[in-house]
Amino acid sequence: MSARDAGDKMGVMAADEPSASRLAEVRAARIEKLAKLRELGVDPYPSTFDDRQPIGEARDQAPEQNNDDAEVRVAGRLILWRRHGGSTFANLRDQSGQIQIQLRRDVVGEERYALVKLLEVGDFIGVAGTLFTTKTGELTVRVQEFSILTKALRPLPEKWHGLTDPELRVRKRHLAFIADPEEMQNVATRARFISNVRSFLEDHDFIEVATPVLESIPGGADAEPFTTHHNALDRDFYLRISLELFHKRLIIGGFERVYEIGRVFRNEGIGKEHLQDYDLLEFYWAYADLAALKELVQRFYATVIESTFGTLKLPYGDDVLDFTPPWPEADYFELFRKIGVELADYPTADALLPVAQKLGIADAKPGLGRGRLIDMIYKKEIRSTLVQPQLLTGHPVDISPLAKRDPADPARVQRIQVMMAGSEVGNGFAELNDPLDQRSRFEEQQRLRDAGDREAQMLDEEFLEALEYGMPPTAGFGVSIERWLMYLTNSPSIRDVVAFPLVRPAPEKPNESG
RNA sequence: GGGCCCGUAGCUCAGCGGUAGAGCAGCGGACUUUUAAUCCGAUGGUCGCGGGUUCGAUCCCCGCCGGGCCCCCCA
């Protein structure tokens, strides 16, 4: 007995059980049809359908009048089905669009038409015929020949309401795409966008590199890492939280312009702006300063946005984000002054703590560093007010352990953050290349970490050693592709721009194994 | 982690103390320009899971699982 026969039997038998569900009956009925097709010598899963054209292309061949001379050959999934005895209307969909088809007994013949009873919504078929327009004005293929390409065994979501259960929509993404093909747009937009990002960087002589995902010490960002285990080495590794430190090692090694679009992993909360794994774009540019970076970043954003979306003005919620350069700059200390806090007056964490508490920041407690407190105040009081695309500059050194100090004010660093819609969508700075300063900043981070700040950065001795060999002046920049796309595509949740967002595994069904 | 809400047929939803309902899909039938086709007929359920209250629970209570929204938080 072949595996296929066994599969058929099991499928049919499932419906014979007294407690069989509706789904099992539907599935059994479809398997029955499958068997009938085979009895009639029809292969329900042929290898191909030669010379098909995309439906969108076939539609463009529509004749001015119904002269029956536009021949088309299209294939796709049956998504609607209207049988009227000797004539059947159906809607066929492929990636390029959909079209109505008409199957007629007097055209395809009695024997062929009998197969219609063995087809149903969900199946893939291929058809060849001529275009005409019905009296209600719908472009339609009058089918001369048709063949089944794939028999579907499970029913599609309801044709009118589709798939609305948010849980099912993320657990069964394929059904969400079938029910709402416009959701496929985000996947396509992402591909186009990333392609434009690569083009821009490569036009500017950046080369794409790949750096390790498994790290002994995850660095380059304030975030909690995932851990994993390597069996052969019998030791734990971290999944990377940024690309930064390896890129700097490339610059130290002599590369001058590198970039990477790499998946990073952060073991933190899930929310409408946060994923636990996402594609981070970073680039590093030797012999460039902050002024050069500011110019390049604005041109970079404007170029890829324009080439992807055809405009520099994109709606987000109630706002229209205008990316036309030059963007305004907002000074970090100035923004604090506007909420009545002169940062220079609070040089220590102890001094700043009462300010944070007075602002009602519940998590502000003793032991946290000055940088963390500043960041908390900024996130609670300031960040959401930065709506139009702009550059936030002049950050305090406390929150920027990898950035070069501002020579005019050593308490601040040479850094920019791209802000839009009240969110950080891009971060860059003149990279700190003073190895001794870097060491002391790491040591400060380590102290905070020991004091309980789980997001404080770890001291990376190997990186410090590399830095001691000398890194030329370098500007670096990073941005989350998903966060960026979320705002550019006016998506309320970052999960909307991900094809398969993480879901908690469904609980095991009881009694499945007896 | 805190607050509010949801889980009933494959899908979309009613019902909310007295043995479970509709539409779509599927099944049988009629129908050769329909388009959410229509009409006739038959069928379909561990009411998320477990406990409790009750003569009796889909319904009330408790716990758990899964999900959503709002806080909080990491790009």
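Note on naming: letters A, B, ... go to the chains in the order of the sequence lines (proteins, then strands), and numbering restarts at 1 for each one.
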Minimum-distance nucleotide to [X] side chain [options: [options]]:
X        : options             : value
A/His84  : B/U33, B/A37, B/G26 : B/A37
A/Arg504 : B/G66, B/U33, B/C24 : B/G66
A/Arg171 : B/C27, B/G66, B/A75 : B/G66
A/Arg104 : B/U34, B/C24, B/U33 : B/U33

Under the 3.5 Å rule, do the base of [N] and the side chain of [X] count as making a donor-acceptor pair?
X        : N     : value
A/Arg105 : B/U32 : no
A/Arg142 : B/U33 : yes
A/Gln102 : B/U32 : no

Provide, to the nearest angstrom, the distance between the [atom1] atom belonging to [X] and the [atom2] atom belonging to [N].
X        : N     : atom1 : atom2 : value
A/Arg82  : B/G26 : CZ    : P     : 13 Å
A/Gln100 : B/A37 : CD    : C1'   : 11 Å
A/Glu167 : B/C69 : CD    : P     : 12 Å
A/Tyr301 : B/A75 : OH    : P     : 14 Å

Look at [X] and [N] and indicate whether a side-chain polar atom (N or O) is within less than 4.0 Å of OP1 or OP2.
X        : N     : answer
A/Lys272 : B/C72 : no
A/Lys379 : B/C73 : no
A/Lys117 : B/G28 : no

Select base, sugar-phosphate, or nothing to describe what [X] touches, counting heavy atoms under 4.0 Å on all strands.
X        : result
A/Glu120 : sugar-phosphate
A/Glu138 : base
A/Asp222 : sugar-phosphate
A/Asp279 : nothing
A/Arg30  : nothing

Scan every strand shown for a Watson-Crick or G-U wobble partner of [N], both distances under 3.5 Å, and answer none if you come up empty.
N     : answer
B/G10 : B/C24
B/C59 : none
B/C64 : B/G48

[atom1]-based separation of [M] from [N] [nearest Å]:
N     : M     : atom1 : result
B/G68 : B/C55 : P     : 40 Å
B/U53 : B/C71 : P     : 41 Å
B/G63 : B/C24 : P     : 41 Å
B/U54 : B/G1  : P     : 35 Å

With A/Asn186, which residues qualify under side chain to side chain contact (heavy atoms under 4.5 Å, CB included), at least two apart?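 Counting only residues at least two positions away or on another chain, A/Asn186 forms a side chain to side chain contact (heavy atoms under 4.5 Å, CB included) with A/Thr489, A/Ser491, A/Asp496.
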Please report the shortest heavy-atom distance between A/Phe206 and A/Tyr284, naming the atom on each side.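 Answer, listing the atom of A/Phe206 first, then A/Tyr284: CE2-O, 3.4 Å.
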Looking at A/Pro492 and A/Met486, what are the two nearest heavy atoms and their distance?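 Smallest heavy-atom distance, with atoms named: O-CE, 3.8 Å.
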Are the ring centres of A/Trp285 and A/Phe477 closer than 6.0 Å?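 Between A/Phe477 and A/Trp285, which both carry aromatic rings, the centre distance is not below 6.0 Å.
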Report yes if the distance between the aromatic ring centroids of A/Phe323 and A/Tyr301 is under 6.0 Å, otherwise no.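 They do not qualify: ring centres at least 6.0 Å apart.
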Please determine whether a side-chain nitrogen of the Lys or Arg among A/Arg483 and A/Glu424 lies less than 4.0 Å from a carboxylate oxygen of the Asp or Glu.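 Result for this pair is no, no salt bridge flagged.
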Could you check whether A/Lys248 pairs with A/Glu244 (Lys NZ or Arg NE/NH1/NH2 to Asp/Glu carboxylate O, under 4.0 Å)?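 The answer is yes: the pair qualifies as a salt bridge.
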What pairs of nitrogen or oxygen atoms, one from the protein and one from nucleotides 6-13 of chain B, lie under 3.5 Å apart?
residue : atom : partner  : partner atom : Å
B/G10   : OP1  : A/Arg22  : N            : 3.3
B/G10   : OP1  : A/Leu23  : N            : 3.3
B/C11   : O2'  : A/Glu158 : N            : 3.0
B/C11   : O2'  : A/Gly162 : O            : 2.9
B/U12   : OP1  : A/Thr164 : N            : 3.0
B/U12   : OP1  : A/Asp165 : N            : 3.0
B/U12   : O3'  : A/Thr164 : OG1          : 3.0
B/C13   : OP1  : A/Thr164 : OG1          : 3.3

List the residues meeting salt bridge (charged side-chain N to carboxylate O under 4.0 Å, His left out) with A/Arg198, not counting sequence neighbours, and say none if there are none.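 Applying salt bridge (charged side-chain N to carboxylate O under 4.0 Å, His left out) to A/Arg198 gives A/Glu208.
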